[in-house]
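Structure, as structure tokens:
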Amino acid sequence: MYAHTLQLIDVATGWSERVMLLGRGYQAMEAAFKQVIERLPFPVKELHPANGTEFFNYHLVRFWKERVTGAHLSRSRPYQKNDNCHVEQKNDTLVRQYFGELRLDTPSQIAAGNALYERMWLYYNLFQPVMHLSEKTVEGDKVRRKWDEAQTPYQRLLATGVLSPEQQERLQALYEQTNPLLLREEIYRGLAALWDGALAQSGTAA
């Protein structure tokens with residue numbers, strides 16, 4: 001078995017969650033979903049996963065029905081990758097561009113990967129502004145797009161009014177206590193250490 005990343009993206013705010021897991025069995029997937037649900041600062045209303053059997057199987061469908069009351073489960077159309085374009089974009093920018101083809105296959109490497117994802121959770125949700133497409137028009141053979149003002153997922157989430165006072169206070173404290181420049185440096189140091197360790201282990205095994 002080797003590492004996989006479970007990633008959830010909130011379409012409305014851009015809020016993202018990532019968990020690294022060893023293999024894609026239902027027990028590992030269920031544990032990763034539990035971790036995400038416990039940390040999400042807002043309730044899940046609808047889940048739109050990819051069509052892989054690691055997402056759509058009896059155990060995980062049962063898990064969502066039991067764990068998240070009232071959540072609607074939808075699915076992508078076959079061979080329509082754009083049905084999941086939001087998470088596919090983040091899979092590229094926040095997973096592949098960091099880890100590339102790096103093979104991680106030990107519990108210690110998974111733990112290091114999740115420690116890195118914890119720091120990325122802070123940086124990209126609280127401090128990294130993103131723009132949302134607000135309008136798209138087609139004029140002849142030209143497509144014109146308009147984007148809204150860049151805001152962090154945290155700012156967009158505050159504007160929705162869905163946060164409880166406790167969640168708002170917790171996130172505000174994290175925001176005020178975190179230096180984003182130092183946090184970014186921590187992320188890249190952690191990534192370099194993970195790459196060095198994995199490549200050294202691969203070289204030893206060879």
Side-chain angles (χ1 to χ4, degrees), residues 1-11 13-41 49-55 60 81-82 84-131 150-157 171 174-206:
M1 292 190 296
Y2 54 92
H4 297 274
T5 292
L6 172 68
Q7 181 165 223
L8 273 75
I9 307 296
D10 178 54
V11 175
T13 64
W15 190 274
S16 61
E17 297 277 348
R18 282 161 296 283
V19 179
M20 190 174 290
L21 55 153
L22 196 57
R24 291 186 292 186
Y26 82 88
Q27 290 180 324
M29 294 290 292
E30 184 174 307
F33 275 125
K34 284 181 180 178
Q35 183 176 334
V36 167
I37 291 172
E38 289 169 0
R39 189 169 62 179
L40 270 176
N51 283 331
T53 55
E54 67 270 27
F55 298 112
L60 286 179
K81 191 174 183 179
N82 277 347
N84 254 13
C85 59
H86 299 280
V87 76
E88 286 296 336
Q89 180 190 40
K90 297 296 185 183
N91 280 342
D92 183 44
T93 58
L94 297 182
V95 179
R96 297 186 190 99
Q97 289 188 21
Y98 276 83
F99 296 98
E101 299 299 321
L102 186 64
R103 184 182 179 93
L104 306 173
D105 54 14
T106 69
S108 62
Q109 290 172 336
I110 302 302
N114 277 319
L116 182 60
Y117 277 156
E118 289 283 341
R119 311 310 290 163
M120 291 170 65
W121 180 88
L122 271 175
Y123 184 76
Y124 285 101
N125 285 323
L126 271 60
F127 299 103
Q128 186 65 44
V130 293
M131 293 189 299
Q151 292 180 296
T152 66
Y154 172 52
Q155 290 172 318
R156 294 181 186 276
L157 185 57
L171 291 175
L174 282 173
Y175 180 82
E176 294 175 352
Q177 296 165 8
T178 305
N179 183 318
L181 294 179
L182 294 179
L183 178 59
R184 190 171 185 270
E185 292 175 1
E186 287 180 21
I187 290 171
Y188 282 100
R189 283 199 302 270
L191 183 63
L194 188 60
W195 269 89
D196 290 345
L199 292 176
Q201 178 175 318
S202 176
T204 300

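Numbers here are sequence positions counted from 1. Since this is a predicted model, take the numbers as computed values, not measurements.
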Where do L194 and L104 land on the side chain to side chain contact (heavy atoms under 4.5 Å, CB included) test, with the steps shown first? CA-CA 9 Å; L194 188 60; L104 306 173; 4.0 Å; yes

When you compare the side chain of [Y] with that of [X], does any pair of heavy atoms fall below 4.5 Å?
{"X": "L8", "Y": "F33", "result": "yes"}
{"X": "L21", "Y": "I110", "result": "no"}
{"X": "R156", "Y": "V130", "result": "yes"}

Quick check for you: to the nearest 0.5 Å, what is the distance between [X] atom [atom1] and [Y] atom [atom2]?
{"X": "Q128", "Y": "L122", "atom1": "CD", "atom2": "CG", "result": "13.5 Å"}
{"X": "L157", "Y": "D10", "atom1": "CG", "atom2": "CG", "result": "7.5 Å"}
{"X": "L126", "Y": "Q155", "atom1": "CG", "atom2": "CD", "result": "9.5 Å"}
{"X": "W121", "Y": "N114", "atom1": "CH2", "atom2": "CG", "result": "14.0 Å"}
{"X": "L191", "Y": "R119", "atom1": "CG", "atom2": "CZ", "result": "14.5 Å"}
{"X": "L182", "Y": "E185", "atom1": "CG", "atom2": "CD", "result": "5.5 Å"}

With sequence neighbours excluded, what pairs up with E118 under the salt bridge (charged side-chain N to carboxylate O under 4.0 Å, His left out) test?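 Partners of E118 under the salt bridge (charged side-chain N to carboxylate O under 4.0 Å, His left out) test: R39.
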
If the condition is salt bridge (charged side-chain N to carboxylate O under 4.0 Å, His left out), which residues does E176 pass it with, not counting sequence neighbours?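 Expected list: none.
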
Residues which pass ring-ring contact (aromatic ring centres under 6.0 Å, His included) with Y117, listed by chain and number, not counting sequence neighbours: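 By the ring-ring contact (aromatic ring centres under 6.0 Å, His included) rule, Y117 matches F99.
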
Give me the atom names and distance for the closest heavy-atom approach of I9 to S16.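 I9 and S16 have their closest heavy atoms at CD1-CB, 3.4 Å.
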
Quick check: closest heavy atoms across A150 and P129, and the distance to 0.1 Å?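 For A150 and P129, the tightest heavy-atom pair comes out as CB-CB, 4.0 Å.
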
Test your reading of the model: is there a side-chain donor-acceptor pair from N125 to the backbone of W15, 3.5 Å cut-off?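 Absent.
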
Between the side chains of K34 and E30, is the shortest nitrogen-to-carboxylate-oxygen separation below 4.0 Å, so that they form an ion pair?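 Salt bridge flag = yes for K34 with E30.
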
How are the rings of F127 and Y175 set relative to one another: parallel (under 30°), tilted (30 to 60°) or perpendicular (over 60°)?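 Rings of F127 and Y175: parallel, as their planes differ by under 30°.
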
